Amino acid sequence: MRHMARTVKGPDARRERWKGHREQRRAEFVEATIAAVAKKGPDVGMEDVAAEAGVSKPVLYRHFTDKSDLYLAVGQRATELLMDRMGPALAADGPIRARIERIVDAYLSVIEENPNLYRFVVKGSFVDRPVEKDVVQEDKNLIATTLARILGDYLRAFDMDSGGAEPWAHALVGMVQNAGDWWLDRQTMSRENLSDYLATIIWHAIDGLLRSAGVQADPAKPLTPLRLVD
């Protein structure tokens, strides 16, 4: 046993510890940035982030290449926050009308609770160079891909062509995002009312498509066998 090789040698262990330390510090600075954005608004500067983190700006730049690198890390964290809320809503089964409303409300609840973070990520004014990834577009694509699968499954359950599910899903994502932008700025109605309005619009679009194929579906029930409109 005394001749057994060590699984991690000294220099490798030190590198791993240093890597873990850097990742931890980057995560802490991302959270500090989110806190600074919540307090100061989407137009924060590096000095605001440094002050929130309790460090100097040079310390930040030891962990992030530049402002764009920090912005991208914050955007990725914002994606995690969004999907932590939307993931369960997207995965939950049940009556289609209630399912739609849960998904819409999950999205609106995230931007309602994090308005400055949402504006920070969407505006992208913090960056000092083009970023490698479009965080907002990646989020939209991720949600649209999941919605396309849901819509496709729903249409196929009624023996209908699901070829339009993907562009339809992207259209729905754009509609909800634009309505959310308007609502975040205006706040002329409750989140619950907006979720209900948007879910109603989406459901009637689905219902209209189903009826055009002679199918009547009950929005208050789970998927049921085909029933033709009289």
Side-chain angles (χ1 to χ4, degrees), residues 21-87 89-90 103-145 170-195 197-198:
H21 172 72
R22 283 185 59 83
E23 290 175 350
Q24 179 181 347
R25 289 296 281 165
R26 277 176 63 94
E28 290 171 356
F29 292 144
V30 166
E31 294 302 326
T33 304
I34 292 173
V37 168
K39 294 176 183 178
K40 301 284 187 176
D43 295 321
V44 295
M46 282 295 260
E47 61 278 3
D48 298 312
V49 176
E52 183 66 34
V55 298
S56 63
K57 286 171 63 175
V59 172
L60 289 179
Y61 284 115
R62 285 205 294 269
H63 291 81
F64 296 93
T65 305
D66 51 25
K67 292 171 68 177
S68 296
D69 187 25
L70 177 56
Y71 164 81
L72 184 57
V74 171
Q76 291 168 339
R77 176 60 181 142
T79 295
E80 292 176 1
L81 294 172
L82 177 64
M83 295 315 298
D84 283 348
R85 188 72 56 84
M86 289 200 67
L90 288 164
I103 293 170
V104 171
D105 193 65
Y107 172 78
L108 294 177
S109 71
V110 173
I111 68 172
E112 179 184 43
E113 294 169 16
N114 306 276
N116 284 337
L117 176 60
Y118 174 77
R119 294 184 179 105
F120 174 85
V121 174
V122 170
K123 288 176 62 177
S125 57
F126 185 78
V127 302
D128 47 9
R129 62 173 173 80
V131 293
E132 298 174 357
K133 297 180 180 180
D134 186 336
V135 177
V136 176
Q137 188 59 46
E138 286 188 351
D139 287 351
K140 291 168 69 174
N141 288 341
L142 177 61
I143 296 169
T145 297
H170 281 273
L172 293 177
V173 169
M175 180 187 75
V176 173
Q177 183 189 21
N178 287 337
D181 289 347
W182 166 84
W183 172 72
L184 205 57
D185 288 336
R186 298 287 294 276
Q187 292 287 315
T188 54
M189 67 177 67
S190 69
R191 189 188 83 220
E192 292 76 12
N193 282 347
L194 180 59
S195 296
Y197 286 142
L198 291 176

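Computed from a predicted model, the values in this text were never measured in an experiment.
The local environment of CD in Q137 is crowded, with over 12 non-hydrogen atoms from other residues, nucleotides or ligands closer than 6.0 Å.
The CE atom of M189 sits 14.0 Å away from atom CZ of R191, with the distance rounded to the nearest 0.5 Å. With rounding to the nearest 0.5 angstrom, the CD1 atom of I103 is 6.5 Å from the CE atom of M86. Taken from CG in D105 to CG in L198, the straight-line distance is 10.0 Å, to the nearest 0.5 Å. To the nearest 0.5 Å, atoms CG (N178) and CE (M175) are separated by 9.5 Å. Within the model, atoms CH2 of W183 and CD1 of I111 stand 6.0 Å from one another, a figure rounded to the nearest 0.5 Å. Summarising the geometry, atom CD1 belonging to I143 is positioned 6.0 Å from atom CG belonging to D139; distances are rounded to the nearest 0.5 Å.
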### Query
Does the side-chain contact (heavy atoms from CB on, under 4.5 Å) test come out yes or no for K67 and Y71, once each step is laid out?
CA-CA 6 Å; K67 292 171 68 177; Y71 164 81; over 6 Å; no
### Query
When you look at D181 and Y118, which way does the side-chain contact (heavy atoms from CB on, under 4.5 Å) test go after all the steps?
CA-CA 10 Å; D181 289 347; Y118 174 77; 2.4 Å; yes
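Side-chain contact between L60 and M46 is present, with at least one heavy-atom pair separated by less than 4.5 Å. Side-chain contact between L70 and R26 is absent, with no heavy-atom pair separated by less than 4.5 Å. Looking at D134 and K140, their side chains never come closer than 4.5 Å, going by heavy atoms from C-beta outward. By the 4.5 Å heavy-atom criterion applied to side chains, W182 and T188 are counted as neighbours. The shortest side-chain heavy-atom distance between F29 and V59 falls under the 4.5 Å cut-off. Side-chain contact check for D48 versus T33: every heavy-atom pair is 4.5 Å or farther apart. Contact check for M83 versus L90: side-chain heavy atoms found under the 4.5 Å cut-off.
In this structure, S125 and P42 approach most closely via the heavy-atom pair OG-O, 4.2 Å. Minimum heavy-atom separation, G75 to V121: CA-CG2, 4.2 Å. In terms of heavy atoms, L184 sits closest to P115 at CD1-CB, 4.0 Å. Residues A38 and N116 approach most closely at O-ND2, 3.2 Å, considering heavy atoms. Minimum interatomic distance between A78 and L117 (heavy atoms only, all atoms of both residues): CB-CD2, 4.2 Å. Scanning both residues, V104 and S195, for their nearest heavy atoms gives CG1-CA, 4.0 Å.
Within the 3.5 Å criterion, the main-chain N or O of V110 finds a donor-acceptor partner in the side chain of N114. Side chain of R25 to backbone of H63: no donor-acceptor contact under 3.5 angstrom is found. Between the side chain of S68 and the backbone N or O of D128, at least one donor-acceptor pair lies under 3.5 Å.
Each salt bridge (charged side-chain N to carboxylate O under 4.0 Å, His left out) pair with one or both residues in residues 50-65, not counting sequence neighbours, appears once here: K39-E52.
Checking each of D69, T65, D66 against R129 for a side chain to side chain donor-acceptor pair (under 3.5 Å) leaves exactly one that passes, namely D66.
For E28 and Q24, the side-chain atoms include at least one donor-acceptor pair closer than 3.5 Å.
Ionic pairing of D185 and R119 is present here: one or more N-O contacts between side-chain nitrogen and carboxylate oxygen are shorter than 4.0 angstrom.
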